[in-house]
2 protein chains.
Amino acid sequence: MTETPQVTGRHRELLDQVLDKWSLHVLDRLCEGPLRFNGLRRAIPVVTQKSLTAALRRLERNGMVERVVVSTRPVAVEYRITPLGKTLQDLIDALLLWTADNLPDVERARARFDDASAVAGGE
Amino acid sequence: MTETPQVTGRHRELLDQVLDKWSLHVLDRLCEGPLRFNGLRRAIPVVTQKSLTAALRRLERNGMVERVVVSTRPVAVEYRITPLGKTLQDLIDALLLWTADNLPDVERARARFDDASAVAGGE
DNA sequence: CGGCATCCCTGATGATACTG
DNA sequence: CAGTATCATCAGGGATGCCG
């Protein structure tokens, strides 16, 4: 069995590369089926081309997505999730589920904190 | 059951605040018991006081940790995880477990990618 | 269509010094 | 002990323009 997991540099680095801002969106979308570059852009309207390219490269390098070049007319490039990427799906879903379940509590906590800060601080 | 979770701005923001570089370390440590400020610094040797302070404030604001001031001689401040923070423990463990299980595959993928890049690119 | 190259700017982080 | 304040750095991300 895998023993007590520890936060090490390598683990942290991997999580950073895989759970960063845009990678979550990309993986989320790609889990539902392959998409082309501009398809992804449309699916994630707020991302810039640069950030999307970077995220895709990172994910490809880490073996989470596959880049398939279809040498047709101009060119078509399809991105699809890999089996390794699939293993993250449950985790991501669990993460999103957690946020959905606890966001209300968190926002209450934030309100309390901000309120207390206002009283103690400037006001 | 909660339906298909979606990546929204609010969820993403929460994950950013809770899964960031130092918060993971802090939550990980605090799950094992309360610690004081410098205790945490010692437990996470690479963190600077500024980053640690920021992480603790963020976690406190989000209701994940509790800050207890013990008004003794100089002053003692104890940080302990809250019930809300506890709900993250399983997720964090699962995340770390995932990295531990898949790091080898990921590193193989990286090697392949870097190798292919080297051939296609510069040399 | 699917990128890469460039410039620029901001936010996050580190080092250092000082305070209740 | 437990921070706050300040300065310097630096990677990430947006805007823009060009290429196969």
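Throughout, a chain's letter reflects where its sequence line sits, starting with A, and its residues are numbered from 1.
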Backbone of Arg58(A) reached by a side-chain donor or acceptor of Asn62(A) within 3.5 Å: yes

Set of ring-ring contact (aromatic ring centres under 6.0 Å, His included) partners for His25(B), sequence neighbours left out: Trp22(B)

Protein proximity profile, nucleotides 14-20 of chain C - base contact B, sugar-phosphate-only contact S, no contact -, cut-off 4.0 Å on heavy atoms: BBBB--B

Given 3.5 Å as the limit, does a donor-acceptor pair link the side chain of Asn102(B) with the main chain of Trp98(B), or not? yes

Using whole Å, report how far CZ of Arg41(B) lies from P of dA2(D). 10 Å

Does the side chain of Ser117(B) pick up a donor-acceptor pair with the side chain of Asp114(B) at under 3.5 Å? no

Quantified as the angle between the terminal helix axes (five pairs each), what is the overall bend of the helix from dC1(C)-dG20(D) to dG20(C)-dC1(D) to 10 degrees? 50°

Side-chain heavy-atom pair Val77(B), Tyr79(B) within 4.5 angstrom cut-off: yes

Verdict with supporting geometry, Gln49(B) and Thr53(B), side chain to side chain donor-acceptor pair (under 3.5 Å): CA-CA 6 Å; Gln49(B) 92 291 41; Thr53(B) 301; over 6 Å; no

Mind calculating the distance between CD (Glu78(B)) and C1' (dG3(D)) to the nearest angstrom? 17 Å

Taking only residues two or more places apart in sequence or in another chain, which ones pass salt bridge (charged side-chain N to carboxylate O under 4.0 Å, His left out) with Arg80(A)? Glu78(A)

Hey, is the side chain of Tyr79(B) poking within less than 4.0 Å of OP1 or OP2 on dC1(D), counting only N and O atoms? no

Considering only dA2(D), dG3(D), dC1(C), which nucleotide approaches the side chain of Arg36(A) most closely? dC1(C)

Atom-pair distance (CG on Asn38(A); C1' on dC4(C)), nearest Å: 15 Å

Could you tell me whether the side chain of Leu30(B) reaches within less than 4.5 Å of the side chain of Leu59(B), counting heavy atoms only? no

Does the pair Arg110(A)/Glu13(B) count as a salt bridge with the N-to-O cut at 4.0 Å? yes

Donor-acceptor pair, distance only, cut-off 3.5 Å: does the side chain of Thr82(B) make one with the backbone of Gly63(B)? yes

Taking only heavy atoms on the protein side, list every residue of residues 52-70 of chain A lying under 4.0 Å from any atom of DNA chain C, sorted numerically. Thr53(A), Arg57(A), Arg67(A)

Starting from C1' on dG12(D), measure out to CG on Asp20(B) and report it in whole angstrom. 16 Å

Pairing residues for Asp105(B) by the salt bridge (charged side-chain N to carboxylate O under 4.0 Å, His left out) criterion, not counting sequence neighbours: Arg108(B)

